[in-house]
Amino acid sequence: MSEPSYLAAVRESYDTVAGAYAELVKKPAELDPLSRATLAAFAEVVRRSERGPVADLGCGPGYLTAHLAELGLSAFGVDLSPKMVELARHAHPGLDFAVGSMTALALPDDGLGGILAYYSTHHTPPDSLPVVYAEFHRTLAPGGHLMLAGHVGEHEHLRPTQAYGGHPVSYESHLLPLERIVELLERAGFVVTARLVQPPGTGAKRTVGTCLARKPERA
């Protein structure tokens, strides 16, 4: 089965910007208070559920993977970009990182206690999001938790040509309303337990939407 063209564009783009991204992206301690608190709340509910490790999907250079480990979780990272995974392994040699795609995770069914998808699904075309959310649902254990965060918008389709210090990129971004993301998560079988909208301000230049969701226990 051939790979969707958007995945190749994302991989190539993030391989290109990896070094600059690692320097420019905010570290966990530099995030706004609300974002830090939401990550801490996610870590607590996952830790209490005792369902398994946490996958940081779209982990980039691994800053949040390491942060989750500092919060007491067994965490590992997955990213589409080999360059990003190389940086993550170098910066955090005590953690596991692997190259992989959210569309077909090399993970068993029902094995994860948590999934963090932090600013990592917006390059996925809306028509392909059900595939990604189905993989999240498949790999989470019953009672496992998902945190999904990123920029949201009114069905905006962005086509930047440069990013992170002016490096060329070919990926595209799709900013959906948070209500649409919630709807797709529920269709995938999740129970959305919390949602948060942060308007543009000191924390971000665009509106940020965050969802906490849970895979129901089996009857």
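Sequential numbering from 1 along the given sequence is applied to the chain's residues. Just so you know, these numbers use all the heavy atoms, side chains as well, and skip hydrogens, waters and symmetry mates. Since the model is a prediction, treat every value here as computed from it, not as a measurement.
With hydrophobic clusters built from ILVMFWY side chains whose heavy atoms lie under 4.5 angstrom apart, Val45 does not share a cluster with Leu196. Follow the hydrophobic side-chain contacts under 4.5 Å out from Phe42 and you never reach Val197; the two are in separate clusters. Transitive grouping of hydrophobic side chains (ILVMFWY, heavy atoms separated by less than 4.5 Å) keeps Tyr118 and Ile115 in distinct clusters. Linking Ile, Leu, Val, Met, Phe, Trp and Tyr residues whenever their side-chain heavy atoms come within less than 4.5 Å leaves Leu34 and Leu31 in two separate clusters. Cluster annotation: Leu140 and Leu57 are assigned to the same hydrophobic cluster (Ile/Leu/Val/Met/Phe/Trp/Tyr, side-chain heavy-atom contacts under 4.5 Å, transitive).
The line from OG1 of Thr193 to CG of Leu212 is 5.0 Å long, rounded to the nearest 0.5 Å. Note: Thr65 OG1 to Asp96 CG = 10.5 Å, rounded to the nearest 0.5 Å. Taking OG1 from Thr16 and CD from Gln162, the interatomic distance works out to 12.0 Å, rounded to the nearest 0.5 Å. In this structure, CG in Leu178 is found 9.0 Å from CG in Leu148, a value given to the nearest 0.5 Å. To the nearest 0.5 Å, atoms CD (Glu30) and OG (Ser35) are separated by 12.5 Å. A distance of 12.0 Å separates CG of Leu129 from CZ of Arg187, quoted to the nearest 0.5 Å.
Ion pairing between Glu86 and Arg89 fails under the 4.0 Å rule for side-chain N and carboxylate O. Using a 4.0 Å cut-off between charged side-chain N and carboxylate O, Glu3 and Arg11 make a salt bridge. The pair Lys215-Asp110 meets the salt-bridge criterion, since a charged nitrogen lies less than 4.0 angstrom from a carboxylate oxygen.
Val191 belongs to no multi-residue hydrophobic cluster, having no ILVMFWY side-chain contact under 4.5 Å with any other such residue. Cluster partners of Leu87: none. The rule joins Ile, Leu, Val, Met, Phe, Trp and Tyr whenever side-chain heavy atoms lie under 4.5 Å apart, and it links nothing here. As a member of the Ile/Leu/Val/Met/Phe/Trp/Tyr network built from side-chain separations under 4.5 Å, Leu158 groups with Leu175.
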With side chain to side chain contact (heavy atoms under 4.5 Å, CB included) as the criterion, how do His155 and Leu176 come out once you've worked through the C-alpha distance, each side chain's angles and the decisive distance to 0.1 Å?
CA-CA 5 Å; His155 301 281; Leu176 300 181; 3.7 Å; yes
Apply side chain to side chain contact (heavy atoms under 4.5 Å, CB included) to the pair Ser173 and Arg159, showing each step before the final yes or no.
CA-CA 7 Å; Ser173 294; Arg159 300 178 178 88; over 6 Å; no
Output, in order, the C-alpha distance, side-chain angles, deciding distance and verdict of side chain to side chain contact (heavy atoms under 4.5 Å, CB included) for Val78 and Asp56.
CA-CA 6 Å; Val78 177; Asp56 179 10; over 6 Å; no
Under the side chain to side chain contact (heavy atoms under 4.5 Å, CB included) rule, what do Val152 and Val208 come out as? Steps first, then yes or no, please.
CA-CA 6 Å; Val152 295; Val208 174; over 6 Å; no
Using the rule given for ring-ring contact (aromatic ring centres under 6.0 Å, His included), can you reason through Tyr6 versus His123, listing the C-alpha separation, both sets of side-chain angles and the distance that settles it, and then say yes or no?
CA-CA 8 Å; Tyr6 81 89; His123 297 308; 9.1 Å; no
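When every heavy atom of Gly189 is checked against every heavy atom of Pro216, the shortest pair comes out as O-CD, 3.2 Å. When all heavy atoms are compared, the tightest approach of Glu217 to Pro142 is OE1-O, 3.7 Å. In this structure, Arg138 and Asp109 approach most closely via the heavy-atom pair NH1-OD1, 2.7 Å. Between Ser13 and Ala9, the closest heavy-atom pair is OG-O, 2.7 Å. Between Met147 and Thr210 the shortest heavy-atom distance is CE-CG2, 3.9 Å. Summarising the geometry of Leu64 relative to Pro28, their closest heavy-atom pair is CD2-CG, 3.8 Å, with the distance given to 0.1 Å.
Residues Thr161 and Val169 fail the side-chain proximity criterion, which asks for heavy atoms closer than 4.5 Å. Proximity of Tyr164 to Glu23: side-chain heavy atoms (C-beta onward) are nowhere separated by under 4.5 Å. With a 4.5 Å cut-off on side-chain heavy atoms, Val46 and Leu68 do not count as touching. Side-chain contact between Pro53 and Leu112: present, with at least one pair of heavy atoms (C-beta onward) separated by less than 4.5 Å. Contact check for Pro126 versus Arg180: no side-chain heavy atoms found under the 4.5 Å cut-off. Using a 4.5 Å heavy-atom threshold, the side chains of Ser101 and Leu7 count as touching. Counting only heavy atoms from C-beta outward, the side chains of Cys59 and Met84 never approach each other to under 4.5 Å.
The aromatic rings of Tyr14 and Tyr21 sit perpendicular, their planes meeting at an angle over 60°, well past the 30° parallel limit. Tyr63 and His92 have perpendicular rings, their planes meeting at more than 60° on a 0 to 90° scale where under 30° would count as parallel.
Between the Asp79 side chain and the Val99 main chain, no donor and acceptor come within less than 3.5 Å of each other. A donor-acceptor pair under 3.5 Å is formed between the side chain of Glu135 and the backbone N or O of Leu105. Side chain of Thr139 to backbone of Leu107: no donor-acceptor contact under 3.5 angstrom is found. At distances below 3.5 Å, at least one donor-acceptor pair connects side-chain atoms of Arg47 with backbone N or O atoms of Leu71.
In this structure Arg36 satisfies the salt bridge (charged side-chain N to carboxylate O under 4.0 Å, His left out) test with no other residue, sequence neighbours excluded. Here Arg206 pairs with Glu156 under the salt bridge (charged side-chain N to carboxylate O under 4.0 Å, His left out) rule; sequence neighbours left out.
For the 3.5 Å distance criterion, the side chains of His122 and Tyr171 fail to qualify, holding no donor opposite an acceptor.
Counting only residues at least two apart or in different chains, ring-ring contact (aromatic ring centres under 6.0 Å, His included) contacts with residues 173-193 comprise His137-Phe190, His157-His174.
Residue Glu12 qualifies as open at atom CD: its count of foreign heavy atoms under 6.0 Å is 12 or below.
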